[in-house]
Novice: 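Sharing a structure, written as structure tokens. Questions coming.
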Protein chains: 2
Amino acid sequence: MEKNFSHIAMKKKLDRADKALLDILQQNVDLPLGEIAARVNLSPTPCWRRIQRLQEEGFIRRKVALLDAEKLRVGVTVFVSIKAGRHSRDWFEGFRDAVSAMPEVVEFYRMSGDVDYLLRVVVPDIKAYDAVYQRLIACAELQDVSSSFAMEQVKYTTALPLDYI
Amino acid sequence: MEKNFSHIAMKKKLDRADKALLDILQQNVDLPLGEIAARVNLSPTPCWRRIQRLQEEGFIRRKVALLDAEKLRVGVTVFVSIKAGRHSRDWFEGFRDAVSAMPEVVEFYRMSGDVDYLLRVVVPDIKAYDAVYQRLIACAELQDVSSSFAMEQVKYTTALPLDYI
DNA sequence: TTTGAAAAGTTGCGCCC
DNA sequence: GGGCGCAACTTTTCAAA
């Protein structure tokens, strides 16, 4: 008879220190470990082990550099609402793959309600957007495509709320 | 007579290696320097200097950990379209600060066209969204608020296109 | 079983060519 | 741009609580 020891590695709930760690790391990932440990009132070793555990358990997906959109000349954000109409599964897969492959499309959602798909597209200017738009409507049969330009990015964060865990 | 040497530090255009570095770093920031250097066919020292320069010039804004939305119980994305009507500057500033302070609001745009503001909100479920919605309409006078739920996040990336630089 | 201190091993960083 | 060497950091080990 075998026993299941998975409960040893799997912690039921994250405690205050774990949440504090996640909060620090999703703001800034290149603080020295000693500094992080001090902020959560732990010594480096247990702090390091907690971070390892949070990675292994999948709370931390990856560590990335966030670049400056203006400097990369993609300061213009456009939201694209798409109505697809009735289509087959093959159609969707082709559409999904073609859109996902476009580097200007940074977010892509399948929606409920009026609109079928919503994209966030980043480009240098309206002219460049038109090129993306042309590629978009060429890649799959679409019923209706409507574009809304953002005037100002008031808030943009990759930091998720930790209040629900 | 003084000379302006700012052109020494300020590079006109990023070359192939710089773009390759940015591309690597916005995918994964904790590769060892030696590994990064090998991928861009440079030795570690000049590679390190380039990364420093890219940080100083502001191409790299920050380095962060991306967390798993499902694990944090914020797997549901809602887009909130807001029509504000005519309001004063004071009204906007109050609205902006209140909305920006809400951790569930991860993106917040001022839009052109039909809708005045667009928010991306992350929550555990519809019930939790209603609580956010109530806080939202309590924080400022709004003409119309309409919510669209995402069924599926087909693509989400923080990696910006490097094709325009 | 969990902690902290301290050792060992890597990596980053400044100086040189 | 590249090579070397020190300094700093991370990660492992180990003893103690």
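To find a chain, count down the sequence lines: A is the first, B the second, and so on, and within it residues start at 1.
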Novice: So does Thr45(A) reach the base of dA5(C) with its side chain, donor to acceptor, closer than 3.5 Å?
Specialist: yes
Novice: Round to a whole Å and report the spacing from CD of Glu35(B) to P of dT10(C).
Specialist: 16 Å
Novice: Under 4.0 Å, heavy atoms only, any strand: does Pro46(B) hit a base, just the sugar-phosphate, or nothing?
Specialist: base
Novice: Can you check the Arg50(B) CZ to dG2(D) P distance for me, whole Å?
Specialist: 9 Å
Novice: dG12(C) phosphate, OP1 or OP2: any side-chain N/O from Trp48(B) under 4.0 angstrom?
Specialist: no
Novice: Measure from CD1 on Ile51(A) to P on dT12(D) and round the result to the nearest Å.
Specialist: 13 Å
Novice: Between Lys155(B) and Ser100(A) (side chain of the first, backbone of the second, donor and acceptor by atom type, cut-off under 3.5 Å), is there such a pair?
Specialist: yes
Novice: Regarding Leu42(B), tell me which of base, sugar-phosphate or nothing describes its non-hydrogen contacts under 4.0 Å with the strands shown.
Specialist: sugar-phosphate
Novice: Please report the distance, rounded to the nearest Å, between CG in Asp30(A) and C1' in dT11(C).
Specialist: 14 Å
Novice: What is the distance, rounded to the nearest whole Å, between atom CD of Gln52(A) and atom P of dT11(D)?
Specialist: 6 Å
Novice: Would you say the base of dG2(D) and the side-chain of Arg49(B) have a donor-acceptor pair closer than 3.5 Å?
Specialist: yes
Novice: Answer with yes or no whether the side chains of Tyr129(A) and Ser147(A) bring together a donor and an acceptor at under 3.5 Å.
Specialist: yes
Novice: May I ask you to say whether Arg50(B) pairs ionically with Asp15(B), meaning some side-chain N is under 4.0 Å from a carboxylate O?
Specialist: yes
Novice: Counting only heavy atoms not in Glu141(B), do more than 12 fall under 6.0 Å of its CD?
Specialist: no
Novice: Would you classify Leu33(A) as touching base, sugar-phosphate or nothing, given that sugar-phosphate means primed atoms plus P, OP1 and OP2, and contacts are heavy atoms under 4.0 Å?
Specialist: base
Novice: Without decimals, in angstroms, what is the distance between Glu56(A) CD and dT11(D) P?
Specialist: 12 Å
